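See structure below.
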Amino acid sequence: MTSIPDKNQDFFSHVFNIVRLIPEGRITNYGSIAKALGSAKSSRMVGWAMNASHSQKEPVPAHRVVNRNGLLTGKAHFNPPSRMQELLEKEGIEVKEDKITSFKELFWDPNTELKL
DNA sequence: AATGTGACATACC
DNA sequence: TGGTATGCCACAT
């Protein structure tokens, strides 16, 4: 009731929601998440949301989100940065030089997996 | 209030 | 073939 127009968090919540839905051993890119939100060109916002993930009460597997090159671009924002690769390897994802080897094979598209 | 920046992606030259 | 330019939207200063 009372509307509660928290649209700001709405966008972030959508991002966190999808990121948390990423199955273990899988990864996705910013563009796909942005597209799932309805704004394919808002891939930057996804990254912003990840930055806000630190403020989230619940942990967000942001380590499963990489750029289109399969490169761990956001690893520098982790704590410590090397934590990202460790988490990925721990889930069975092979990481080579801060980038995911079988990125295309491990790629998980929210639009394809969730929609249908 | 306005400008700049940012964990990206796509298009164009 | 790769660098430049623009889009997108929210947040920081």
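Treat the numbers as computed from the prediction; the structure is a model and nothing was measured. Numbers restart at 1 for each chain; the letters A, B, ... are given by sequence-line order, proteins then strands.
Looking at heavy atoms from C-beta onward, A:Ser42 lies out of side-chain contact with A:Tyr30 at the 4.5 angstrom threshold.
Across all strands shown, A:Asn51 has heavy atoms under 4.0 Å from base atoms, whether or not it also approaches the sugar-phosphate. As judged by a 4.0 angstrom heavy-atom cut-off over every strand, A:Ala62 is placed among the base-contacting residues. A:Ser53 comes within contact range of at least one nucleobase, with a heavy-atom separation under 4.0 Å. The residue A:His63 sits apart from the nucleic acid: no heavy atom pair falls under 4.0 Å.
Here C:dC8 presents its C1' atom at 15 Å from NZ of A:Lys35, a figure rounded to the nearest Å. Distance, A:Met50 CE to B:dA9 P: 13 Å, rounded to whole Å. One interatomic measurement links the two molecules: CE of A:Met45 to P of B:dA9, which rounds to 13 Å at whole-angstrom precision. Separating the CG atom of A:Leu37 from the C1' atom of C:dA10 is a distance of 13 Å, rounded to the nearest angstrom. Spacing between atom CZ of A:Phe16 and atom P of C:dA10 amounts to 14 Å, rounded to whole angstrom units. Atom NE2 in A:His77 sits about 4 Å away from atom P in B:dA7, given to the nearest Å. Atom-to-atom, CG of A:Asn67 to C1' of B:dC8 comes out at 8 Å; the value is rounded to the nearest Å. One atom, CG of A:Leu71, and another, C1' of B:dA9, lie 14 Å apart when rounded to the nearest Å.
Set against B:dA7, C:dA10, C:dC9, the side chain of A:Phe12 has C:dA10 as its closest nucleotide. Closest contact between the side chain of A:Lys41 and the listed nucleotides B:dA9, B:dA7, C:dC8 involves C:dC8.
Following chains of ILVMFWY side-chain contacts shorter than 4.5 Å, one cannot reach A:Val66 starting from A:Val19, and the two form parts of different hydrophobic clusters.
Atom name P, nucleotides B:dC8 and C:dT1: the rounded distance is 25 Å, in whole Å. Separating the P atom of B:dG4 from that of C:dA5 is a span of 16 Å, rounded to the nearest Å.
Mapping A:Trp48 and A:Arg68 onto DNA chain B by nearest heavy atom places A:Trp48 at the nucleotide closer to the 5' end.
In the interface, the side chain of A:Ser43 is paired with the base of B:dC8 through a donor and an acceptor atom under 3.5 Å apart. One donor-acceptor pair, N or O on each side, does fall under 3.5 Å between the base of C:dC8 and the side chain of A:Arg44.
When atom types are taken as modelled, the side chain of A:Arg64 and the backbone of A:Ile22 share a donor-acceptor pair closer than 3.5 angstrom.
A donor and an acceptor atom, one from each side chain of A:His63 and A:Glu91, are located under 3.5 Å apart.
No more than 12 heavy-atom neighbours from other residues, nucleotides or ligands sit within 6.0 angstrom of CD on A:Glu94.
For B:dC8, the OP1/OP2 oxygens have a side-chain nitrogen or oxygen of A:Thr73 closer than 4.0 Å.
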